[in-house]
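For reference, the structure is listed below as structure tokens.
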Amino acid sequence: MTEQYDYDLFVIGAGSGGVRAARMAASTGARVVIAEEKYLGGTCVNVGCVPKKLFVYASHCSEEFKDAKGFGWEIGESRFNWSTLIENKNKEIERLNGIYKKLLENAGVNIIYGRARLKSSHSIEIDGKVITAEKILVTVGATPSVPEFPGSEHVISSDQVFFLPKLPEKIVIVGGGYIAVEFAGIMDGLGVETHLIYRGDKLLKNFDQPSAQFAAKEMQKKGVNIHYSTNITHIEKQSDGTLICTLDNGESLTASQIMYATGRKSLTKDLGIEKVGLTTRNNATIETNEQFQTSVPSIYALGDVIGTPELTPVATAQAMVFVNQQYGDGSKSISYENIPTAIFCQPNIGTVGLSEEALKAKGVSIDVYQSEFKHLKHTLSGSEERVLMRMLVEKNSQKVVGMHMVGPDAGELIQGFAVAVKAELTKDQFDATIGIHPTMAEEFVTLREISYSF
């Protein structure tokens, strides 16, 4: 560390990765400053994981009310208040913002609010002031990307949906990824007539397809209207505020809200990356090496902006590795294999390891163990929702290389099994594990018959 710079580390972006990197670097004695243009905590805390999960909880209450009847509960008339949800959500986000602020301040990190731009390999300009640093870390993340077409000015993104003044009566959601699928479940659960439009013929194309297709059918059973191989050509706003979207199949839909969840783009625009000569990819993500170092040796980057899996735990793990490499003993590294993840659609999808499609592409010989059943709870609730559990086992080594589940709290369950997959445990070791009865989880240690192989 050298005194010729104002700081040892300047972090641009106070999202999950940026905050973790700043705090941990400061704990080693480094002089650290972090700049944030919008809000502390980034996408995850403010317009992503946290508020989305709160919305999922809210939307699932309607099913809990219905299920209670079969267990003897007489539930009276219920009514949902969107304003209450938004108000309580905002309070929780404000609380988390405050926690992030205290964490940074207690670690000795200086916080600057404003748009930071790279000026040179060791300097940043913010609000007309130039600050120098020995190292610069870019953690600006990504933002929803909405295509331009006639009437696109009338649509909202997943960022804006968290601040709608009122709940729409009917919504059209465009997209086939996890964000679109999750919000389709949220809106449907809150009583909104929901239409999901996707240009492809299968949702969640990057996930295990037998699991994704099973989840899609469960969503349709609950009331989500899915329009495959369809897209919007243009949108017209009516005098009463409703929106008419014309589809490429000649049909049209009228809705009070249209939301696009068709992808995200890195927030590298107007960052000064061209000025300092950072190398980027076609999708605007920044190229880095294994040490998160960019084409400019003193500038580093991590999180969504470098094109790795766009997950909060990935960004925070990268931050820990970065700090260890720069201010520690350099012993840590990160692996992107077997990262568990969940899609909080309804029912949830939990997954770890490789999908069936990825394994087929690799030419690996696989035995598939699979179970589909009705959750014990629904033997009395009357719900027709079903659970799917899949285990993919490499024939030669008998290692469990993929686990996929569609069902209640799938993410909670798969998180535990992710340790086993990461540890490369075999099918025999799963079989030797005694299950907890009665649970859904025990199904993964009692699968005995091969459903099919490839």
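Since the model is a prediction, treat every value here as computed from it, not as a measurement.
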Legend entry - Leu302 side, atom CG; Arg20 side, atom CZ - distance, nearest 0.5 Å: 11.5 Å
Legend entry - Short N-O contact, Lys399 and Glu394, less than 4.0 angstrom: no
Legend entry - Expected output: side-chain Trp82 to main-chain Leu190 donor-acceptor under 3.5 Å: no
Legend entry - Derivation and outcome, side-chain contact (heavy atoms from CB on, under 4.5 Å), residues Phe149 and Thr233: CA-CA 7 Å; Phe149 60 91; Thr233 58; over 6 Å; no
Inset, instruction - State whether Glu64 and Lys377 are salt-bridged, where the test is any N-O pair (Lys NZ or Arg NE/NH1/NH2 against Asp/Glu carboxylate O) under 4.0 Å. - result: yes
Legend entry - Polar side-chain atom of Asp409 near backbone of Glu412 as donor-acceptor pair, under 3.5 Å: no
Inset, instruction - To the nearest 0.5 Å, tell me how far Ile179 CD1 sits from Ile343 CD1. - result: 11.0 Å
Inset, instruction - Establish, yes or no, whether the cationic atom of Lys202 lies under 6.0 Å from the six-membered ring centre of Phe207 and within 45° of the ring axis. - result: no
Legend entry - Ser256 side-chain N/O to Glu169 backbone N/O, donor-acceptor pair under 3.5 Å: yes
Legend entry - Under 3.5 Å: donor-acceptor pair, side chain of Lys332, backbone of Phe322: no
Legend entry - For Thr268 against Ile273, the heavy-atom pair lying closest together: CB-CD1, 3.8 Å
Inset, instruction - Check the side chains of Ser383 and Glu63 for a donor-acceptor pair under 3.5 angstrom, ignoring hydrogens and angles. - result: no
Legend entry - Check: Asn90 side chain, Ile86 main-chain N or O, donor-acceptor pair, under 3.5 Å: yes
Inset, instruction - Apply the test side-chain contact (heavy atoms from CB on, under 4.5 Å) to residues Gln257 and Val192: give CA-CA distance (whole Å), side-chain angles for both, the deciding distance (0.1 Å), then the verdict. - result: CA-CA 10 Å; Gln257 203 67 250; Val192 179; over 6 Å; no
Inset, instruction - Provide the closest heavy-atom pair for Ala319 versus Gly17 in the form atom of the first, atom of the second, distance. - result: CB-O, 3.4 Å
Inset, instruction - Measure the spacing between CD of Gln346 and CD1 of Ile186 and express it to the nearest 0.5 Å. - result: 7.0 Å
Legend entry - Proximity of Tyr39 and Tyr100 rings by center, below 6.0 Å: no
Legend entry - Ser451 side chain to Gln370 backbone, donor-acceptor under 3.5 Å: yes
Inset, instruction - Return the minimal non-hydrogen interatomic distance between His404 and Ser355, and the atom names on each side. - result: NE2-CA, 3.8 Å
Inset, instruction - Look only at the side chain of Arg115 and the backbone of Asp270, and say whether a donor-acceptor pair between them is shorter than 3.5 Å. - result: yes
Inset, instruction - Determine whether more than 12 heavy atoms belonging to other residues, nucleotides or ligands lie under 6.0 Å from atom CD of Glu442. - result: yes
Inset, instruction - Kindly check if the number of other-residue, nucleotide or ligand heavy atoms within 6.0 Å of NZ (Lys89) is above 12? - result: yes
Inset, instruction - Decide whether Tyr452 and Glu356 meet the rule of one side-chain donor and one side-chain acceptor closer than 3.5 Å. - result: yes
Legend entry - Distance in Å, Leu243 CG paired with Leu253 CG, rounded so as to fall on 0.5 Å steps: 11.5 Å
Legend entry - Pair Phe65 + Phe80: ring centers closer than 6.0 Å: no
Legend entry - Distance under 6.0 Å and angle within 45° of ring axis: Lys427 vs Tyr369: yes
Legend entry - Sub-6.0 Å ring centroid separation between Phe344 and Tyr57: no
Inset, instruction - For the pair Leu9 and Leu137, evaluate side-chain contact (heavy atoms from CB on, under 4.5 Å) and give the outcome as yes or no after the intermediate values. - result: CA-CA 7 Å; Leu9 178 66; Leu137 178 63; 4.0 Å; yes
Inset, instruction - Evaluate side-chain hydrogen bond (donor to acceptor under 3.5 Å, both in side chains) for Thr285 paired with Asn283, printing each intermediate quantity in order. - result: CA-CA 6 Å; Thr285 56; Asn283 64 353; 2.6 Å; yes
Legend entry - Backbone of Gln209 reached by a side-chain donor or acceptor of Glu357 within 3.5 Å: yes
Inset, instruction - Check the angle between the aromatic planes of Phe417 and Phe444 and answer parallel, tilted or perpendicular using the 30° and 60° thresholds. - result: perpendicular
Inset, instruction - Answer with yes or no whether the side chains of Thr426 and Asp428 bring together a donor and an acceptor at under 3.5 Å. - result: no
Inset, instruction - Take atom NZ of Lys170 as the centre, draw a 6.0 Å sphere, and report whether it contains more than 12 heavy atoms from other residues, nucleotides or ligands. - result: yes
Inset, instruction - Look at atom CD of Glu449 and say whether more than 12 heavy atoms of other residues, nucleotides or ligands are closer to it than 6.0 Å. - result: no
Inset, instruction - Taking the side chain as every heavy atom from C-beta outward, state whether Thr194 and Phe183 have any pair of such atoms under 4.5 Å apart. - result: no
Inset, instruction - Using a 4.5 Å cut-off on heavy atoms from C-beta on, say whether the side chain of Leu447 contacts that of Met389. - result: no
Inset, instruction - Flag yes if more than 12 heavy atoms outside Glu153 fall under 6.0 Å of its CD atom; otherwise flag no. - result: yes
Legend entry - Heavy-atom check, side chain of Met440 versus side chain of Met405, under 4.5 Å: yes
Inset, instruction - Answer yes or no: does atom CZ of Arg199 have more than 12 heavy-atom neighbours from other residues, nucleotides or ligands under 6.0 Å? - result: no
Inset, instruction - Would you mind reporting whether Ile232 and Val172 have side-chain heavy atoms less than 4.5 Å apart? - result: yes
Inset, instruction - Measure across Ser145 and Thr262 and return the closest heavy-atom pair with its distance rounded to 0.1 Å. - result: O-OG1, 3.3 Å
Inset, instruction - Supply the atom-to-atom distance Arg23 CZ to Leu104 CG, rounded to the nearest 0.5 angstrom. - result: 7.5 Å
Legend entry - Lys222, His375, Lys374, Lys221 screened by side chain to side chain donor-acceptor pair (under 3.5 Å) with Glu385, the one that passes: Lys222
Legend entry - Minimum side-chain heavy-atom gap Leu376-Thr379 below 4.5 Å: yes
Legend entry - salt bridge (charged side-chain N to carboxylate O under 4.0 Å, His left out) evaluation trace for Glu92 with Arg95: CA-CA 5 Å; Glu92 174 59 13; Arg95 185 184 74 85; 2.8 Å; yes
Legend entry - Smallest separation among heavy atoms of Thr312 and Ser16, with atom names: CG2-OG, 3.3 Å
Legend entry - Residue pair Thr43, Arg264: steps toward the side-chain contact (heavy atoms from CB on, under 4.5 Å) verdict: CA-CA 12 Å; Thr43 293; Arg264 296 174 65 80; 3.4 Å; yes
Legend entry - pair Ile306-Gln318: side-chain heavy atoms closer than 4.5 Å: yes
Inset, instruction - Examine distances only and state if a side-chain atom of Thr230 and a backbone atom of Tyr198 form a donor-acceptor pair shorter than 3.5 Å. - result: no
Legend entry - Residue pair Leu40 / Val45, side-chain heavy-atom distance below 4.5 Å: no
Inset, instruction - Classify the side-chain pair Asp240/Thr242 by whether it contains a donor and acceptor separated by less than 3.5 Å. - result: yes
Legend entry - From CG (Asn231) to OG1 (Thr246), nearest 0.5 Å: 12.0 Å
Legend entry - Heavy-atom side-chain contact between Lys38 and Asn46 under 4.5 Å: no
Inset, instruction - Would you indicate whether Lys66, at its atom NZ, is surrounded by more than 12 heavy atoms from other residues, nucleotides or ligands within a distance under 6.0 Å? - result: no
Inset, instruction - Output yes when a side-chain donor or acceptor of Asn348 lies under 3.5 Å from a complementary backbone atom of Gly407, and no otherwise. - result: no
Legend entry - Which atom of Ala216 lies closest to which atom of Leu203, heavy atoms considered: CB-CD1, 4.0 Å
